J.: 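Quick one: structure below, then a few questions.
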Amino acid sequence: MAWKTLDDMDLAGKRVLVRVDINVPMEDGKVTDTTRIDRIVPTIQDIVKAGGSPIMLAHFGRPKGQYVPEMSLSPLVPYMSDATGHDVTFIERPSRDMIDALPATQVVLIENTRFTAMEEANDPQMAGFLASLGDIYCNDAFSAAHRAHASTEGVAKLLPNCAGRLMQAELSALEAALSTPKRPVVAVVGGAKVSTKLELLGNLVAKVDHLVIGGGMANTFLAAQGVNVGKSLCEHDLADTARDILAKAKDAGCDIVLPSDVVVAREFKAGADNETVAADACPEDAMILDAGPQSVARIDGILAQAKTLIWNGPLGAFEIEPFNAATNAAALAAAKLSKAGSLVSVAGGGDTVAALNGAGAAEDFTYISTAGGAFLEWMEGKTLPGVAALQS
Ligand code: 3PG
Ligand code: MG
């Protein structure tokens, strides 16, 4: 790998600026999912063990360069102390003198980096200021690495830098899934709209052996092949694009897997009356809300032969029962194969992780990314500025 890790750095007595992503979901001042906090613990603990002081930089929400009290990071301090087992000092307006006055291995959290517009502008002055606060820069925020901001990109170039433990784990899982995978490789891509995943599909057809398309996106592909999808969510204006992707896949020897049977209903609501029909037999007044059992059986068969799986997006309207059935069944099949050791499975994206958690499948996946947008951009084959800065 082209980047350094904490093991390559001399951390004793050093102030280590650590970019973390603790942009966690909160309700009424309480964190509803602490995953992102839990996952940065190894980095913080390893720095302290080596005698360094972790100075955490993080954003929260999108305050657009203004001070927004509801987006302060201070409510996260107790969670961070709990998770790391260390006292966390919160600093609203840092200076190097303040930091130098703290004990050698003190864990510090600096207020929301996005409270100044200089952060998202990747202003060199802000990057320089941040660099003045530390001796070493460690990026542990893969999920924010698609942003070229002062705390993710600018500052990395001004200090000796390295990847944190979570960044290392994310990068090696993603490499194993798409850069140097064991074949056959299957990608499952779902979600509402083709339009948001065009680049991703274009990149994947050249790289994977089977591309399973699910959710509303599948309807667009079915319609592009002349199938009547009734009232289903469908981007009819993207028919040409869908046909281009199908042609590109054919040239690349990528097997595109669309549903052969579908679950249809007349209403988009939990428990709506539904029936399973052939994919080309959606009634005029109905909409496709899930893939059917025959489609799931085909996906299961492909997974059973596969060595690698990369998953982004649900196969159906997973947020309303029973239209989570195909997503759940395929996810559980993948989880079982992963647990048995025959499949390396990597999943990412906010909705995806929620769907896999809902299915009770996440635990047995080989790797669950903490990233949403960054995972997508990585699947699109893009260079992530936060990662690139570590390599320079
Ligand atoms: C995320 O939650 O996906 C990351 O923290 C990035 O946040 P952003 O989309 O506001 O840049
Ligand atoms: Mg986002």
Side-chain angles (χ1 to χ4, degrees), residues 184-194 197 200-201 204-205 208-235 242 245-246 249-250 254-266 268 272-283 286-306 308-338 343 345 347 349 351-352 355-356 358-361 365:
V185 188
V186 185
V188 172
V189 178
K193 290 185 170 177
V194 173
K197 295 196 177 170
L200 189 152
L201 293 171
L204 289 180
V205 292
V208 306
D209 303 297
H210 304 271
L211 175 56
V212 177
I213 300 177
M217 292 171 57
N219 305 337
T220 300
F221 279 88
L222 290 171
Q225 293 176 302
V227 168
N228 186 345
V229 295
K231 288 213 161 79
S232 303
L233 179 67
C234 180
E235 292 169 286
I245 291 170
L246 292 171
K250 197 166 177 211
C254 169
D255 164 40
I256 300 263
V257 182
L258 291 168
S260 55
D261 60 343
V262 291
V263 181
V264 301
R266 264 96 188 157
F268 184 87
D273 273 345
N274 61 84
E275 56 187 313
T276 301
V277 298
D280 60 359
C282 177
M287 58 194 141
I288 299 171
L289 292 181
D290 201 7
Q294 205 181 73
S295 309
V296 172
R298 174 149 176 238
I299 296 169
D300 286 358
I302 292 169
L303 291 175
Q305 302 294 315
T308 305
L309 165 68
I310 180 152
W311 188 317
N312 176 265
L315 296 176
F318 81 100
E319 64 277 34
I320 50 169
E321 277 186 48
F323 308 106
N324 54 358
T327 302
N328 286 1
L332 287 171
K336 198 170 162 197
L337 293 163
S338 310
L343 185 69
S345 53
D351 268 12
T352 309
L356 298 182
F365 264 60

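Worth saying up front: this structure is predicted, and the values here are computed from it rather than measured.
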J.: Tell me the closest heavy-atom pair linking Ser295 and Pro259, and the distance in Å.
T.: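 Nearest heavy atoms, Ser295 then Pro259: OG-CA, 3.5 Å.
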J.: Write down the atom of Ala347, the atom of Thr352, and the distance for their closest heavy-atom approach.
T.: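 Looks like CB-CG2, 4.3 Å.
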J.: State whether the side chain of Asp290 and the backbone N or O of Val263 hold a donor-acceptor pair below 3.5 Å, judged by distance alone.
T.: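 Judged by distance alone, no pair lies under 3.5 Å.
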J.: Please indicate whether Glu319 has more than 12 foreign heavy atoms, meaning atoms of other residues, nucleotides or ligands, lying under 6.0 Å from its CD.
T.: yes
J.: Just verifying a value: how many Å separate Met217 CE and Leu233 CG, rounded to the nearest 0.5 Å?
T.: 11.0 Å
J.: Sorted by first residue and then second, give each salt bridge (charged side-chain N to carboxylate O under 4.0 Å, His left out) pair with at least one member in residues 257-266; sequence neighbours left out.
T.: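 For residues 257-266: Arg266-Glu275, Arg266-Asp285.
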J.: Considering non-hydrogen atoms only, spot the tightest contact between Glu321 and Asn324 and give its length.
T.: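 Closest approach of Glu321 to Asn324: CG-ND2, 3.4 Å.
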J.: Rounded to the nearest 0.5 Å, what separates atom CG in Leu337 from atom CG in Leu303?
T.: 6.5 Å
J.: Can you find a pair of side-chain heavy atoms, one from Val262 and one from Val277, that are under 4.5 Å apart?
T.: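 Counting from C-beta outward, Val262 and Val277 do come under 4.5 Å.
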J.: Between Gly316 and Thr327, what is the shortest heavy-atom contact and its length?
T.: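 Of all heavy-atom pairs spanning Gly316 and Thr327, the closest is N-OG1, 3.4 Å.
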J.: Between CG of Asn219 and CG of Leu258, what distance do you get to the nearest 0.5 Å?
T.: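 So the gap between those two atoms works out to 9.5 Å.
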J.: Working to the nearest 0.5 Å, report the span between CG of Leu211 and CG of Leu201.
T.: 6.0 Å
J.: Of all the heavy-atom pairs spanning Ala291 and Ala326, show the shortest one and how long it is.
T.: O-CB, 3.5 Å
J.: For Ala355 and Phe318, work out which heavy atoms get closest and say how close.
T.: CB-CD1, 3.5 Å
J.: Please report the interatomic distance OG(Ser338) to CG(Leu309), rounded to the nearest 0.5 Å.
T.: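 Interatomic distance, Ser338 OG to Leu309 CG, rounded to 0.5 Å: 7.0 Å.
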J.: Which residue pairs satisfy the side chain to side chain donor-acceptor pair (under 3.5 Å) criterion with at least one member in residues 221-231, sequence neighbours excluded?
T.: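 Sorted result for residues 221-231: Asn228-Glu284.
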J.: Under 3.5 Å, is there a donor-acceptor pair between the side chain of Asn274 and the main chain of Ala265?
T.: no
J.: Does Ile299 reach the side chain of Leu315, with side-chain heavy atoms less than 4.5 Å apart?
T.: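 Sidechains of Leu315 and Ile299: in contact.
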J.: Side chains of Asp209 and Ile302: closer than 4.5 Å at any heavy-atom pair?
T.: no
